[in-house]
Visitor: 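Dumping the structure here so I can ask a few things about it.
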Protein chains: 2
Amino acid sequence: MRPSITADDSTKRIIRALERAGYQATPNRRLVARLVASTGGHFTAAELLERGRQERVNIGRATIFRALDLLASLRVVERLDLPTGAHAYVLCDPDEHHHHLVCSTCGHSVDVADGELARLVDEIGRRAGYRIDAHRLELFGMCSACASEQAAVPGPGSPA
Amino acid sequence: MRPSITADDSTKRIIRALERAGYQATPNRRLVARLVASTGGHFTAAELLERGRQERVNIGRATIFRALDLLASLRVVERLDLPTGAHAYVLCDPDEHHHHLVCSTCGHSVDVADGELARLVDEIGRRAGYRIDAHRLELFGMCSACASEQAAVPGPGSPA
DNA sequence: CGGCGGGATGATACCAGGTCTCATCCGCCG
DNA sequence: CGGCGGATGAGACCTGGTATCATCCCGCCG
Ligand SMILES: [Zn+2]
Ligand SMILES: [Zn+2]
Ligand SMILES: [Zn+2]
Ligand SMILES: [Zn+2]
C-alpha cells in the first residue's frame, strides 16, 4: 500500500505552500487548511464555514472564500462543478496536472492522472485548428464502498 | 465542405424536438429557439434575456430559464462551466454524446466527438474501482480566426 | 358559442454562492 | 514602542437561478 498520506500531512503541506508563496500562515488560514485536509472528498464553501464556526465562532464568510481563493491560486485546492451544477472544492496535488473522479454518493474523490488525455486533447486541437489552453475533465460515479453498501441495503422498490 | 447547417435549420430542429417531446411550441419558446440557434457559440441566460427583450419586451426572466431548462432536458442545449466559473449554455446535438471546444476569445464553440475518451474513462473507472456514470470534458482555447486576428493586431506590450 | 382545465407566462419574492467595501485589527519590522 | 501593510469580520451588494402565485392562453368538450 501507499505511504498513506494523513490529514495532518496534508495540513502541513498546505501551510507550507502558503508560506512558500509568501503569504502569512495566519490562524484562520491554518484552520482552513486543517478543515480542507480533513475531508476525503469535495466540500462546499458553506460546509467549510459551518465547520469552521464550530471552532472559531467569529470567522467570517469572506475569510473562508478568501482562503479558498488563495489555496486555489496555489493549486492546492481546485474548484469543481458537480453534475448538479453546484460548486465544490477539492483538495489536490499542486505538483502534477490531473483530474478528479468523485463519488456522487459519498463525495469521496480520487485523483486521476491525465495520462493519454493530453495526447487526445492535443489531437483534438490540431484537428479543429484551435490552440487549446486548458481543459477540464471531471468524472462522476459511485465508489466501490458505496456500491457494495447499496447492494447490501437495497432501497425500497428495487426488488419489488 | 459539410452541408453547412444554418441557424434556420437549427431553429427548426429545436422546435421539432420540443414538439416531438410533447411540449407546446409557444411563441416564447420559438423565440428562444431562434435566439439560441443564431449564436455560434455559448451564451448566458442574461444575454439571451436581453436579446429576447429586444423583440418581445415583456418576456420574463423565468420564461428564459424555463425554456433553457426544457431545452437542456431535451439535450438540445447544454450547460457549460467556463474556466472563469461563469455558467453558459451552448447549442448542441442531442443525438450523440460529445464535448465542446470553446474559444475563450470569441466564444465560438465546436462539438468534439468523444472518440477514444470513452475507452479511457472506462479504464480509469476500472482501475479506481468506481462505476462511472458521467463525465464532463471541456476544452478551452483560441480558434484560428482569433489567433490570426491577434497576430495581425498585436496588443500593446507584445513586441516590446 | 361558452365554459373548463392544464400548461405557459410574467412579476416578484426569494435563495445561495460569491464579491466588495470599509473600518478595525494584528503581526512583523525597525 | 510606533508604524505599516496585510488579514479580518460585518454586512451590503450582485448575479444566477428557483419558487410562488395570479393571470393568461389554448385546445377541447358540450
Ligand atoms: Zn462513495
Ligand atoms: Zn488533463
Ligand atoms: Zn475565437
Ligand atoms: Zn464523453
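In what follows, every chain begins at residue 1, and chains take the letters A, B, ... in the order their sequences are listed. For clarity, every value in this text was computed on a predicted model and none was experimentally measured.
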Visitor: Mind calculating the distance between CG (A:Leu49) and C1' (D:dG9) to the nearest angstrom?
Guide: 12 Å

Visitor: Can you tell me if CD on B:Glu50 sees more than 12 non-hydrogen neighbours from other groups inside 6.0 Å?
Guide: no

Visitor: Could you tell me from which nucleotide to which nucleotide of DNA chain C, 5' to 3', there is an atom under 4.0 Å from chain B heavy atoms?
Guide: C:dG7 to C:dA11

Visitor: Do A:Arg51 and A:Thr39 get their side chains close enough for a donor-acceptor pair, meaning under 3.5 Å?
Guide: no

Visitor: For A:Val57 and for B:Ala45, find the nucleotide of DNA chain D with the closest heavy atom, then tell me which residue's nucleotide is more 5'.
Guide: A:Val57

Visitor: For the pair A:Arg30 and A:Glu19, find out whether any cationic side-chain nitrogen is under 4.0 Å from an anionic carboxylate oxygen.
Guide: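 Salt bridge: yes.
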
Visitor: Closer than 4.0 Å, any side-chain N/O of B:Tyr89 to the OP1 or OP2 of D:dG17?
Guide: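 Yes, B:Tyr89 has a side-chain N/O under 4.0 Å of OP1/OP2 on D:dG17.
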
Visitor: Ring-plane angle category for A:Phe43 and A:Tyr89, please: parallel below 30°, perpendicular beyond 60°, tilted otherwise.
Guide: parallel

Visitor: Would you mind reading off the distance between B:Leu68 atom CG and D:dG17 atom C1', rounded to a whole angstrom?
Guide: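 From B:Leu68 CG to D:dG17 C1': 11 Å.
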
Visitor: Side chains of B:Leu137 and A:Arg136: closer than 4.5 Å at any heavy-atom pair?
Guide: no

Visitor: Return yes if the base of D:dG11 and the side-chain atoms of A:Arg61 contain a donor-acceptor N/O pair under 3.5 Å, otherwise no.
Guide: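 No, the side chain and the base share no sub-3.5 Å donor-acceptor pair.
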
Visitor: Please determine, by modelled atom types, if B:Asp81 and B:His87 share a side-chain donor-acceptor pair under 3.5 angstrom.
Guide: yes

Visitor: What is the separation between atom CG on B:Asp69 and atom P on D:dG17, rounded to the nearest whole Å?
Guide: 9 Å

Visitor: So how far is it from B:Gln54 CD to B:Leu49 CG, rounded to the nearest 0.5 Å?
Guide: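 So the CD of B:Gln54 and the CG of B:Leu49 are separated by 10.0 Å.
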
Visitor: Shared ILVMFWY cluster between A:Ile14 and A:Val32, side chains joined below 4.5 angstrom?
Guide: yes

Visitor: Provide, to the nearest angstrom, the distance between the CD1 atom belonging to A:Ile64 and the P atom belonging to D:dA10.
Guide: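 Interatomic distance, CD1 of A:Ile64 to P of D:dA10: 12 Å.
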
Visitor: Return the polar atom pairs (N/O with N/O) between nucleotides 6-8 of chain D and the protein under 3.5 Å, or none.
Guide:
from  : atom 1 : to      : atom 2 : distance (Å)
D:dA7 : OP1    : A:Arg29 : NH1    : 2.8
D:dA7 : OP1    : A:Arg29 : NH2    : 3.2
D:dT8 : OP1    : A:Thr26 : OG1    : 2.6
D:dT8 : OP1    : A:Asn28 : ND2    : 3.4
D:dT8 : O3'    : A:Asn28 : ND2    : 3.2

